[in-house]
Amino acid sequence: VAADDKFQITFTGEITVKKVQEMGGDYSVVGAMLVSSDPAEAYRIMAEKDAGAVRGRINALVEKRHGGPFEHSAMTFFVHCPVFVWREYHRHRIGHSFSEESARYKALEPVFYLPPRDRPMMKRDGFKAMTPGFDRCGSDSLYDALCNDWRETYAACYASYLRGLAEGIDNGLARIVLPVGIYSSGWVTVNPRSLMHFLSLRTHEPAARDVSYPLYEIEAAARVCEQTLKEGWPVTYECFNRHGRRAP
Ligand SMILES: Cc1cc2nc3c(=O)[nH]c(=O)nc-3n(C[C@H](O)[C@H](O)[C@H](O)COP(=O)(O)OP(=O)(O)OC[C@H]3O[C@@H](n4cnc5c(N)ncnc54)[C@H](O)[C@@H]3O)c2cc1C
């Protein structure tokens, strides 16, 4: 948007994660494992992308937490989510690379988060009650009132942001009035080991060895990443689940 534009706000509950690229698969895990003891076999596996007899080997790596071989493949995701979700995403320092859209070199688009009606919302037992399956917002009228309030607040903040830009204020400063519900986008590149760690913390699975209670919105992002792991590294994914969803 230009600084003096009239703006059309988009309100959405979407958390978008799309795969941009991936490199490797279960065969790269076994290749990286064998390169220390049988390089010829490791290179054969890599050349043929032979994921044949990998199950026992990958299972042993996950079980014994021999994690290095899971760092030699990667996937990149395009992520479009509110700033409060990015803020949690950025806490994952190891094996994650981020490139996020700039709010200094361009203006942020007027796209703001409104929680979907079925998002668990009512606080009962601390954040533990905010996981799927718990309470929705009490009534439709309360939900509608909240959404109206949030829409008006977002619009007022964004109008102030545009006034700052129109005055010629540095973009990096004009954004101080924007709330954490505004959307930002970027790429996240991660290796399977770090992704498993991310999934262990950012998904709620009652059967996991260490049960986590993540924010609903980051879990939505994590579940898409999980699907990519499941499809591209099926044996790794199977062993991750078998051993309590803990990263090796
Ligand atoms: C449910 C939940 C609630 C949370 N609440 C809060 C909160 O209230 N406030 C808050 O600030 N954060 C909070 N966090 C963020 C949390 O503390 C972690 O920063 C975040 O989950 C990233 O995890 P990580 O450090 O294990 O991951 P990564 O940064 O990817 O690190 C991976 C692993 O590398 C090792 N490592 C990385 N850096 C270091 C280091 N400097 N020293 C030693 N070992 C290191 C650790 O073994 C770590 O597990 C919360 C996270 C969850 C899942």
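Start at 1 with the first residue, then count along the sequence. Small disclaimer: the values here were computed from a predicted structure and weren't measured. Numbering of ligands and ligand atoms starts at 1, following listing order.
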Over all atoms of both residues, closest heavy-atom pair of Val29 and Pro69: O-CB, 3.4 Å
Of all the atoms in ligand 1, which lie at a distance below 4.0 Å from a heavy atom belonging to Ile94? 28 (P), 29 (O), 30 (O), 31 (O), 32 (C), 34 (O), 37 (C)
Applying ring pair (Phe, Tyr, Trp, His ring centres under 6.0 Å), can you list everything that pairs with Tyr89, at least two apart in sequence or on another chain? Trp86, Phe98, Phe198
Please determine if Arg117 forms a cation-pi arrangement with Tyr143, meaning its NZ or CZ atom is less than 6.0 Å from the six-membered ring centre and no more than 45° off the ring axis. yes
Qualifying residues under salt bridge (charged side-chain N to carboxylate O under 4.0 Å, His left out), relative to Lys106, sequence neighbours excluded: Glu101
Distance filter under 4.0 Å to Tyr213 heavy atoms, resulting ligand 1 atoms: 1 (C)
Is there a nitrogen or oxygen of Arg93 sitting under 3.5 Å from a nitrogen or oxygen of ligand 1? yes
Report the member of Arg193, Arg202, Arg91 with the shortest heavy-atom distance to atom 10 (C) of ligand 1. Arg91
Closest heavy-atom pair, Ser185 versus Glu100, reported as atoms and distance to 0.1 Å, is O-CG, 3.4 Å
Which atoms of ligand 1 sit under 4.0 Å from any heavy atom of His197? 24 (P), 26 (O), 27 (O), 32 (C), 49 (O)
